[in-house]
Protein chains: 2
Amino acid sequence: MVRSQQRRTPLHHPDVEEIDLLDVLHALADPTRMTIVQTLWAEPERACGTFPVDVAPSTLSHHFKVLRESGVIRQRGEANRRLNELRRDELQARFPGVLDAILAAAGPIEPGPVEPDPVKAG
Amino acid sequence: MVRSQQRRTPLHHPDVEEIDLLDVLHALADPTRMTIVQTLWAEPERACGTFPVDVAPSTLSHHFKVLRESGVIRQRGEANRRLNELRRDELQARFPGVLDAILAAAGPIEPGPVEPDPVKAG
DNA sequence: ACGGCTATTCGATGAATGTCGAACATCGCT
DNA sequence: AGCGATGTTCGACATTCATCGAATAGCCGT
């Protein structure tokens, strides 16, 4: 079966209609979280540990929680990993143009503290 | 002369190029400040005390400072009043579509705690 | 079953933030 | 000059928040 789809917490995601604009803005108004979103903007899916940010795992987990509970990203458990994806279409439906404009304004991933290329890393 | 154009503080406004996207998002991620911006979105200019928000004058002053220093609004001293205006064109030039999309998503002024129409209030 | 990897949870901590009241400053009017 | 209206500044206070380290939980190889 698909037992490897969930860890243990139900991982609450707000419904599209429940997504609050101010929560989204607050979620995006942080350097670490913006980097995460920018990365997901360029790539559809990514595991938690593969983002070009330089914070402790517990801090990273906190940021993912903020992004998830604000409705910006969707997380699903894949084995011992956790795959994150942007809720682009849903956000576009709820707040047309907002995410696009913000991400366009943010530009491509800024030269962060960690290499965003884990392919040949090691 | 135009002595009535300034109170005493130079009222620092960031240059267009200096405006930071995360600062703008953070400024907008507050109910009181969003209400202020929504109000200015509908009306070009307005004095500080005429906004449909229910906070102490000192708190209001704080919020205007946040909005001004983030580059969202421009304040100029007119007599003993202080006129506030949205930096629409400048923000549009710096972050195209961002303010428009956010304000469109925020919709018209939500029924706040204070009547925006004191004329027939009663 | 054991160990390693990935990610979460918990508790603590220091910084930032929203809020207020009181005092002050500036302006216009009398 | 004095007064009232409009905002700002300051100090205080409670809350939120970003951050970390240590402990925990789940999964996959061996």
Side-chain angles (χ1 to χ4, degrees), chain A residues 1-13 20 22-23 25-36 45-51 53-70 73-85 113-114 118 121-122, chain B residues 1-13 20 22-23 25-36 45-51 53-70 73-85 113-114 118:
Chain A
M1 321 301 200
V2 274
R3 314 214 293 292
S4 302
Q5 279 301 105
Q6 200 145 296
R7 276 159 162 279
R8 117 226 62 165
T9 328
L11 269 188
H12 175 253
H13 294 77
D20 183 73
L22 297 194
D23 288 344
L25 296 181
H26 171 253
L28 296 178
D30 175 272
T32 300
R33 292 194 290 263
M34 178 56 87
T35 299
I36 291 173
E45 258 184 352
R46 232 180 153 104
C48 292
T50 70
F51 288 82
V53 295
D54 189 22
V55 291
S58 55
T59 305
L60 198 54
S61 200
H62 160 69
H63 285 308
F64 279 114
K65 185 181 179 185
V66 172
L67 286 170
R68 169 167 42 83
E69 294 186 342
S70 68
I73 69 172
R74 185 176 297 279
Q75 291 188 297
R76 67 196 163 80
E78 188 260 89
N80 62 347
R81 302 248 175 116
R82 181 90 79 181
L83 287 187
N84 307 278
E85 65 176 334
V114 175
Chain B
M1 310 315 181
V2 273
R3 313 212 294 291
S4 302
Q5 279 301 105
Q6 198 146 297
R7 277 159 162 275
R8 115 225 63 163
T9 327
L11 269 188
H12 175 253
H13 294 77
D20 183 74
L22 297 194
D23 287 345
L25 296 180
H26 171 254
L28 297 178
D30 176 271
T32 301
R33 292 195 290 262
M34 178 56 88
T35 300
I36 292 173
E45 258 184 352
R46 229 178 155 106
C48 292
T50 69
F51 288 83
V53 295
D54 189 23
V55 291
S58 55
T59 303
L60 198 54
S61 199
H62 160 70
H63 285 308
F64 278 115
K65 186 181 178 185
V66 172
L67 286 170
R68 170 166 42 83
E69 294 185 342
S70 68
I73 69 172
R74 186 177 296 279
Q75 291 187 296
R76 64 195 165 81
E78 190 259 87
N80 62 348
R81 303 244 175 120
R82 180 91 78 182
L83 286 187
N84 307 277
E85 65 177 335
V114 173

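All figures in this text were calculated on a predicted structure; none of them were measured in a lab. Naming: A, B, ... by sequence-line order, numbering from 1 per chain.
A sub-4.0 Å separation between OP1 or OP2 of dT6(D) and a side-chain N or O of Arg82(B) is absent. For dT8(D), neither phosphate oxygen OP1 nor OP2 lies less than 4.0 angstrom from any side-chain nitrogen or oxygen of Ser58(B). Between Arg33(B) and dG18(C), a side-chain N or O to OP1/OP2 separation shorter than 4.0 Å is present.
Candidate nucleotides dT9(D), dT19(C), dC20(D) were compared by shortest atom distance to the side chain of Ala56(A), and dC20(D) ranks first. Proximity note for Thr32(B) (side chain, C-beta onward) versus dA7(C), dT19(C), dG7(D): the nearest is dT19(C). Taking only side-chain atoms of Arg81(A), from C-beta outward, the nucleotide of dG7(D), dT26(C), dT6(C) with the closest atom is dT6(C). Looking at the side chain of Gln75(A), the nearest of the listed nucleotides dT8(C), dT19(C), dA7(C) is dT8(C). Out of dT9(D), dT9(C), dA18(D), the shortest distance to the side chain of Ser61(A) is found at dT9(C). Residue His26(B) has its side chain nearest to dG18(C) when only dC20(D), dG18(C), dC27(D) are considered. In the set dT6(D), dA7(C), dT19(D), dT19(D) carries the atom at the smallest distance from any side-chain atom of His63(A).
Rounded to whole Å, atom C1' of dA16(C) lies 13 Å from atom CG of Asp30(B). Computed from coordinates, the Phe64(A) CZ to dA18(D) C1' distance equals 15 Å when rounded to whole Å. Across the protein-nucleic acid pair, Asn80(A) atom CG and dT6(C) atom C1' stand 5 Å apart, rounded to whole Å. As rounded to whole Å, 12 Å separates atom P of dG18(C) from atom CG of Leu22(A). For Lys65(B) and dT17(C), the NZ to P distance is 11 Å, given to the nearest whole Å. Atom CE of Met34(B) is separated from atom P of dG18(C) by 14 Å (rounded to the nearest Å). Counting to the nearest Å, the C1' atom of dT6(D) and the CZ atom of Arg46(B) are 16 Å from each other. Leu67(B) has its CG atom 10 Å from the P atom of dG18(C), to the nearest Å.
Here the shortest heavy-atom pairing between Ala27(B) and Arg33(B) reads O-NE, 2.7 Å.
Within 4.0 Å of His62(B), counting heavy atoms only, lies at least one base atom of the nucleic acid. The residue Val66(B) sits apart from the nucleic acid: no heavy atom pair falls under 4.0 Å.
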Verify side chain to side chain contact (heavy atoms under 4.5 Å, CB included) between Val55(B) and His62(B), making sure each step is shown before the conclusion. CA-CA 11 Å; Val55(B) 291; His62(B) 160 70; over 6 Å; no
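In this structure a side-chain-to-backbone donor-acceptor pair under 3.5 Å is present from Asn84(A) to Arg46(A). Proximity of a side-chain donor or acceptor of His12(B) to a complementary backbone N or O of Glu69(B) within less than 3.5 Å is not detected. Here the side chain of Thr35(B) pairs a donor or acceptor atom with the backbone of Pro31(B) at under 3.5 angstrom.
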